[in-house]
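First comes the structure, then the notes that go with it.
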Amino acid sequence: MITNNLYKEKYRPQYHFSPEKNWSNDPNGMVYYQGEYHLFYQYNPADVVWGPMHWGHAVSKDLIHWEHLPIALEPDQELGMIFSGSAVVDKNDTTGFFDGGEGLVAIYTTHLEREEGPLQQQAIAYSKDNGRSWTKYEGNPVIKNYGVEDFRDPKVIWHQETEKWVMVVACDDRVRFYNSPDLKEWKYLSEFGSELGSHGGVWECPDLFKLPVEENNKIEVSNQEKEKWILQIGDQQGGEAGVSTQYFIGEFDGMRFETKEEKSYKVDFGQDLYALQSWSDMPEQRRVWLGWMNNIAYAEDIPTDGWRGMMSIPRELSLRKTEAGLRLIQKPVKELHQLKEEFYHQKNIFLENELSISCDLQSYQLKAELEISDESDLSLALHKKDEQQSLLNYAGKTNSFRLDLSKTGVVDFNKNYLKEKNINRISSSKNLILDIYVDQSSVEIFIDDGEISITDLVFPEKDSNEIKLSVNNSEIKINKLNIFEMNSIW
Ligand code: FRU
């Protein structure tokens with residue numbers, strides 16, 4: 001329970017995770033263990049800009065409400081700062097750290113500033129008390145730098161078929177795979193990607209997991225297509241402005257990642273979703289991830305006060321055979337329902353010009369199921385007050401969207417902040433589903449049940465008091481329109 005004015009500041013998200021104060025970036029060490037979801041994060045405890053990186057720490061029982069815990073890992077003289085990484089449950093005590101029992105192991109990058117340039121290596125630490133205290137392994141680093149400047153962000157998984165730990169780690173313009181019986185001795189296996197995918201800048205923060213293809217799909221799926229491996233990788237300068245995140249769909253045999261498609265797809269069509277990481281060891285084989293909601297190109301300039309950096313909502317992942325082929329699907333997790341209170345609903349009406357909803361909520365979900373046509377030209381205005389608005393347009397002719405944030409509020413805090421973007425829709429269905437999560441300084445737009453996600457930071461100057469849905473030239477049918485207030489988690 002937060003008792004002072006924390007979490008009431010301007011722009012402070014009400015249902016997204018953010019540390020109490022100071023700078024945060026990537027989510028790290030995400031693991032589910034004994035009823036708790038752990039979320040560690042890149043943290044500078046001394047300032048609101050990037051600096052000496054620590055692992056901040058929080059836990060949750062439901063993925064939604066978070067309890068802050070003390071810093072888990074601090075920089076040291078010998079190996080330097082604690083950069084991004086992951087965590088696993090060592091169930092069979094493969095490490096020997098747990099006297100035959102089990103416990104948590106974190107695998108992370110150490111970053112040492114030196115005159116001749118930084119040194120990045122991979123290290124481990126373990127916890128015998130559910131992540132409350134950590135011991136760095138005396139044999140660190142477990143993988144020494146092999147002569148590259150950028151060698152970081154290990155994500156480790158247990159590979160059942162080969163009965164080994166597998167690490168995917170970013171190295172400049174590619175990822176490398178290693179395996180290990182005990183998380184201490186690592187063997188280099190293969191590399192991937194120097195000639196494939198997006199290469200605007202260095203690669204960072206990979207993730208690797210297997211996903212089932214959604215059932216009940218109208219499009220037939222052959223047996224070999226029932227599950228696929230996803231390799232997700234951040235490209236530090238792959239976006240129209242700054243970062244972007246891509247994924248490859250392929251096969252992984254414990255040694256090597258292969259893809260037939262020879263190309264990657266975008267995880268998100270906004271600017272502000274990066275360094276995503278999925279939880280290890282989740283119950284019911286669910287695969288859920290979240291990302292740092294920000295962009296390295298302007299992260300230090302966003303106009304927040306006392307804190308800087310937040311996470312996206314957790315998203316449940318699957319694969320769907322879409323009209324364009326297999327695609328990663330991201331849906332807001334069902335756990336978010338507990339925060340929702342119905343504010344507005346409407347169904348089965350025809351809209352000829354506009355529908356104006358007086359709505360002074362600043363943290364809400366809007367879900368619309370619309371029947372559209374090739375002639376449809378519709379726009380949804382959020383954050384409305386006087387001149388202020390965020391505009392999402394859909395044009396039936398091109399089956400595409402345009403998001404215009406130029407009048408949302410503060411947009412000139414950095415020249416790289418991108419105010420307008422065009423996004424092609426995948427589905428050609430006449431039923432369009434928009435599922436939009438708005439918080440004090442963010443919008444997350446999910447189109448057609450998770451086929452497209454658009455994640456952006458916004459800094460409205462005024463509290464909005466209206467939402468407007470309008471159509472030009474031809475009517476549409478609103479099958480359903482719901483707005484839910486999202487209660488604060490703090
Ligand atoms: C991505 C990143 C990682 C690195 C960390 C340092 O945002 O650059 O590659 O480990 O941030 O804070």
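Each ligand, and each atom within it, is numbered from 1 in the order the structure gives. Keep in mind that the numbers below use all heavy atoms, side chains included, and drop hydrogens, waters and symmetry copies. Treat the numbers as computed from the prediction; the structure is a model and nothing was measured.
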Legend entry - Pair Glu300 + Arg308: basic N to acidic O under 4.0 Å: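 Salt bridge: no.
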Inset, instruction - Identify whether the distance between the nearest side-chain nitrogen and carboxylate oxygen of Glu214 and Lys331 falls below 4.0 Å. - result: yes
Considering distance alone, does some N or O of [X] sit under 3.5 Å from an N or O of ligand 1?
{"X": "Arg152", "result": "yes"}
{"X": "Gln42", "result": "yes"}
{"X": "Gln236", "result": "no"}

Legend entry - atom 2 (C) of ligand 1 - nearest protein heavy atom and its distance: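 Going by distance alone, atom 2 (C) of ligand 1 is nearest to Asp26 OD2, 3.4 Å.
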Inset, instruction - May I ask you to identify the nearest protein heavy atom to atom 8 (O) of ligand 1, giving residue, atom name and distance to one decimal place in Å? - result: Glu204 OE2, 2.7 Å
Inset, instruction - Identify the heavy atoms of Gly409 and Gln388 that sit nearest to each other, and give their distance. - result: CA-OE1, 4.4 Å
Legend entry - With Lys340 via side chain to side chain donor-acceptor pair (under 3.5 Å) - residues at least two apart: His337, Gln365, Tyr437
Legend entry - Test item, Ile296 contacting ligand 1 (heavy atom, 4.0 angstrom):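 So Ile296 counts as touching ligand 1.
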Atoms in ligand 1 flagged as close to [X], the criterion being non-hydrogen separation under 4.0 Å:
{"X": "Met53", "result": "12 (O)"}
{"X": "Asp153", "result": "3 (C), 4 (C), 9 (O), 10 (O)"}
{"X": "Phe83", "result": "4 (C), 6 (C), 10 (O)"}

Legend entry - 4.5 Å side-chain heavy-atom contact, Arg132 and Val59: yes
Inset, instruction - Output yes when a side-chain donor or acceptor of Tyr7 lies under 3.5 Å from a complementary backbone atom of Ser18, and no otherwise. - result: yes
Legend entry - Any donor-acceptor N/O pair, Trp55 side chain to Phe83 backbone, under 3.5 Å: yes
Legend entry - For ligand 1, the portion of Ser84 having any non-hydrogen atom under 4.0 Å away: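 For Ser84, the contact with ligand 1 is made by both the backbone and the side chain.
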